[in-house]
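We name chains A, B, ... by the order of the sequence lines, and we start the count at 1 in each one.
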Amino acid sequence: MSAASRNALFLTNTLSRKKEAFIPQNPPHVGLYVCGPTVYSDVHLGNVRSFTTFDVLYRWLTHIGYSVRYVRNITDVGHLVDDVDAGEDKIAKRARLERLEPMEIVQKYTNGFHDVMRLFNLKNPSIEPTATAHLIEQIKMVERIIANGYAYEVNGSVYFDVPKFAATHSYGELSGRKIDELMANTRDTEGQEEKRSPLDFAIWKKAEAGHLMHWPSPWGEGFPGWHLECSVMSTKYLGQTFDIHGGGMDLKFPHHECEIAQSVAADGVNPVRYWMHGNMLTVNGRKMAKSEGNGFTPEELLTGNHKLLERGYSPMTVRFFMLQCHYASTLDFSNEAMQASEKGLEKLRAAMVTLGKLKPGAADGMDVAAFEDACYAAMNDDLNTPIMIAQLFDGVRVINSVNDGKAELTAASIERLKQVYSTMMVDVLGIREEEKKGDDSLTTDLMGVLLKMRADAKANKDFATSDRIRDTLAAIGVTIKDTKEGTIWEHA
RNA sequence: GGUCGCGUGGCCGAGUGGCUAGGCACAGCUCUGCAAAAGCUGCUACUGCGGUUCGAAUCCGCACGCGACCUCCA
């Protein structure tokens, strides 16, 4: 495979529903925008999946030579709770419950979000803009939309005029919606009497009494509409038209559809060239979501302290589990699947350690270049991480066979393999070492004493004693393995 | 109700026309004091019914089941 084809990336574009060759507007630069969290509650594992998908995209784009500006926002303004509750903002509502300052809530959950990102080894974005820091830009955008005739003000709120926009532009293309079908299926909800059409959406909302977060605007005190911040912040940092916009499937409609409409209405430009949507993490076949109440937090996941969890799982096990599935497919969480991933990851890691200790031979039992090409091909095919991982497992068999003396690899092949595994596992998939428990020097010394006693017992064929040492250690979670290089131990 | 998508072996999960991934689990063998690890071997699936085709998990139709979106949601 040539260097050129190594960066021939294909991505499924939601707009066309097809895999398309990814060609950035201004190579080698790539602009990537991902919808970030709304910081009014803890992130759950489903959120983590989505961010992990785009983390791998960011890593891969970088790896194949692009210079990526990765923007992921923090939504700290809050969205409307619902139409009945019109005027109340999620963050404000929570603040009242907890008697905290809204920005305190924002800070708390932003910190929590960052902790989770670190835990799962997600890279920091290049820019992490907040909605509250871009109010002026949002107000300006509302003004442009009004000036172009696609929004109207009613009683201190400004609404986007969807039917008017749809008359001359396409609306619903991304999510496959048709305007008359949308009309026909409108729900009768209260509190929408200000809108000319039920399809219209607020781009600026008047702050009702008691609403805590509000700012002055040409239309009075209020706050920006649900979809505006992403339009503003993406184009501010990446340009009026940028390369990739990512987010979860559930944001396709209305969120992303509205983003397109807003940008076109304000600036006459389609904002995004490639739209990418990650699929949902499910639990017992149902979407993990705040509203379903079936989400667990990363902390619960680690401790296993949740009714859906048989026990805890490490962050890297979870990350690996997610990457064994293609991002566009739903992934069902189960203890059985987690345990399968845990063992698989262990095997892969062990093979990487083995790889570092292989003795080179004369023959070459593997076409390492073809192996490497296959890894690139999988990733370039719409980030097919499960195929790439399958390749790595194929390599494991070779590595272990060489270690068992049943096959050979040349020194050059071993070196190359080390690089490929390190690149794919660490740089691309973002699998890092787990923090080991009880690995301090005293423990190491004590284990050395115990293992020496056991070795002596074995040498004397006193297997009762040697097995008692092993079984007692096993009971406290320490596993003993006799290998030809000596006895090793690990703590689960 | 509307729109979109999915249904693969015990489990998870790739795969868009023929060469039938991968992981986990299970069984046998090798190695081993016994374990563990590793290797080898086996188990070989595509919801159902029609159709297109020399040939379909893969394309088309219908049925059944499931999900997502249509309202804040990754």
Any side-chain to backbone donor/acceptor pair from [X] onto [Y]? Under 3.5 Å, distance only.
X	Y	result
A/Glu257	A/Pro254	no
A/Asp76	A/Thr132	yes
A/Arg49	A/Gly248	no

Legend entry - A/Arg286 side-chain N/O to B/G67 phosphate OP1/OP2 under 4.0 Å: yes
Atom pair distance, as rounded to whole Å: [atom1] in [X] and [atom2] in [N]:
X	N	atom1	atom2	answer
A/Leu281	B/C73	CG	P	18 Å
A/Asp250	B/G67	CG	P	16 Å
A/Asp42	B/A74	CG	C1'	15 Å
A/Met276	B/A74	CE	P	18 Å
A/Glu257	B/C73	CD	C1'	17 Å
A/Leu182	B/G1	CG	P	18 Å
A/Leu57	B/A74	CG	P	19 Å
A/Met425	B/G22	CE	P	18 Å

Inset, instruction - Mind checking ring pair (Phe, Tyr, Trp, His ring centres under 6.0 Å) for A/Phe201 and listing every partner two or more places apart, or none if nothing turns up? - result: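 Ring pair (Phe, Tyr, Trp, His ring centres under 6.0 Å) check on A/Phe201 returns A/Phe160, A/His227.
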Inset, instruction - Please work out if A/Gly278 contacts a base, only the sugar-phosphate, or nothing of the nucleic acid, heavy-atom cut-off 4.0 Å. - result: nothing
Inset, instruction - Under 4.0 Å between any heavy atoms, over every strand shown, what does A/Met249 touch: base, sugar-phosphate, or nothing? Just pick one. - result: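 If one applies the 4.0 Å heavy-atom cut-off, A/Met249 turns out to touch nothing in the nucleic acid.
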Are the side chains of [X] and [Y] in touch, meaning some heavy atoms are under 4.5 Å apart?
X	Y	answer
A/Ile260	A/Val272	no
A/Cys35	A/His245	yes
A/Asn47	A/Val116	no

Taking atom [atom1] in both [N] and [M], compute the distance separating them and give it to the nearest angstrom.
N	M	atom1	value
B/G67	B/G28	C1'	41 Å
B/G10	B/C69	P	31 Å
B/C59	B/U44	C1'	24 Å
B/U41	B/U3	C1'	50 Å
B/C43	B/G61	C1'	35 Å
B/C70	B/U20	C1'	40 Å
B/C11	B/G1	C1'	36 Å
B/A14	B/U53	C1'	26 Å

Legend entry - Base-paired stems that RNA chain B participates in, counting runs of 3 or more Watson-Crick or G-U pairs under 3.5 Å: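 Stems for RNA chain B, defined as runs of 3 or more consecutive pairs: B:1-7 with B:64-70, B:10-12 with B:22-24, B:26-30 with B:38-42, B:47-51 with B:59-63.
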Inset, instruction - Kindly say whether the aromatic ring centers of A/Phe223 and A/His214 come within a distance under 6.0 Å. - result: no
Could you tell me if [Y] and [X] have a donor-acceptor pair between their side chains, going purely by distance under 3.5 Å?
X	Y	result
A/Glu194	A/Tyr159	yes
A/Asp382	A/Tyr327	yes
A/Asp462	A/Thr465	yes
A/Ser334	A/Asp332	no

Polar pairs (N or O, both sides) under 3.5 Å between protein and nucleotides 4-12 of chain B?
{"from": "B/C11", "atom 1": "O2'", "to": "A/Glu336", "atom 2": "OE1", "distance (Å)": "3.4"}

Inset, instruction - Scan nucleotides 34-47 of chain B nucleotide by nucleotide, 5' to 3', and note B when protein non-hydrogen atoms come under 4.0 Å of the base, S if they reach only the sugar-phosphate, - if neither. - result: BBB-SSS-------
Inset, instruction - Classify the angle between the aromatic ring planes of A/His256 and A/Trp275 as parallel (below 30°), tilted (30 to 60°) or perpendicular (above 60°). - result: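 Ring orientation of A/His256 relative to A/Trp275: tilted.
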Inset, instruction - Check the angle between the aromatic planes of A/Phe371 and A/Tyr421 and answer parallel, tilted or perpendicular using the 30° and 60° thresholds. - result: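 It falls in the parallel class, under 30°.
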Inset, instruction - Between A/Ile389 and A/Lys287, name the one whose nearest nucleotide on RNA chain B is closer to the 5' end. - result: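 Result of the comparison: A/Ile389.
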Legend entry - Closest-nucleotide 5' rank along RNA chain B - winner of A/Pro254 and A/Pro37: A/Pro254
What nitrogen or oxygen pairs link the protein and nucleotides 15-17 of chain B at under 3.5 Å?
{"from": "B/G15", "atom 1": "OP1", "to": "A/Asn384", "atom 2": "ND2", "distance (Å)": "3.1"}

Legend entry - Candidate nucleotides B/A21, B/C70, B/G67, ranked by approach to the side chain of A/Ala390 - the nearest: B/A21
Legend entry - N/O donor-acceptor pair, side chain A/Arg177 with base B/C70, under 3.5 angstrom: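 No such pair is found, so the answer is no.
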Legend entry - Under 5.5 Å and under 30°: A/Phe463 stacked on B/G33: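 It does: the ring sits over the base of B/G33.
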Legend entry - Geometric cation-pi criterion, A/Arg72 with A/Phe54: 6.0 Å, 45°: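 No, a cation-pi geometry is absent between A/Arg72 and A/Phe54.
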Legend entry - A/Asp115: partners by side-chain hydrogen bond (donor to acceptor under 3.5 Å, both in side chains), with sequence neighbours left out: A/Arg118
